[in-house]
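Just so we're clear, the structure is a prediction, and the values are computed from it rather than from any experiment.
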Amino acid sequence: GFFFLLMLFAGYAWYPLFFMRQNPLLALLVLIVVLACAILCAVQWQGISLLAGVVVWLHTLWLLYMLILQLICVFNV
């Protein structure tokens, strides 16, 4: 439960950091925290329910895609 709540609140903090404050470096750090919490949450939930684990793993893939885009924005690759 803790990792899910941390992932949820950090995910909500990412949007204003990136879009409103336009602070991509801080948003990148928050996104890394969200991704780490999503991975831990997926591992925990997969043991409880296979469907819940799959859903969180799909969300983790989306976060990985966001991380790649964020890295492009921060480092102008």
Shortest non-hydrogen contact from T60 toward A42: OG1-CB, 4.5 Å
Pair Q46, W57 - check side-chain contact (heavy atoms from CB on, under 4.5 Å), show working. CA-CA 9 Å; Q46 192 170 350; W57 279 116; 2.8 Å; yes
Here the gap from L17 atom CG to L31 atom CG, rounded to the nearest 0.5 Å, amounts to 11.0 Å
Looking only at heavy atoms, the pair that brings A10 and V34 closest together is CB-CG2, 3.4 Å
Qualifying residue, where the test is side-chain contact (heavy atoms from CB on, under 4.5 Å) with L63 and the options are L35, L58, I68: L35
G11 and Y15 have their tightest heavy-atom pair at O-CD1, 3.3 Å
Provide the closest heavy-atom pair for A38 versus V56 in the form atom of the first, atom of the second, distance. O-CG1, 3.6 Å
Does V30 share a hydrophobic cluster with Y12, counting links as ILVMFWY side-chain heavy atoms below 4.5 Å and allowing steps through other members? no
Hey, quick one: are L50 and V55 part of the same hydrophobic cluster, counting side-chain heavy atoms closer than 4.5 Å, chains of contacts allowed? no
What distance separates L61 CG from L67 CG, expressed to the nearest 0.5 Å? 12.5 Å
Applying the 4.5 Å side-chain criterion to the ILVMFWY set and letting contacts propagate, would V43 and F3 be lumped into a single cluster? no
May I ask whether I39 and V54 are part of the same hydrophobic cluster, defined by side-chain heavy atoms of I, L, V, M, F, W, Y residues being less than 4.5 angstrom apart, directly or through others? no
Are L71 and M66 connected, step by step, through hydrophobic side chains (Ile, Leu, Val, Met, Phe, Trp, Tyr) whose heavy atoms are closer than 4.5 Å? yes
In Å, rounded to the nearest 0.5 Å, how long is the span from CH2 of W14 to CD of Q70? 5.5 Å
Is there a side-chain contact between C37 and F4, using heavy atoms and a 4.5 Å cut-off? no
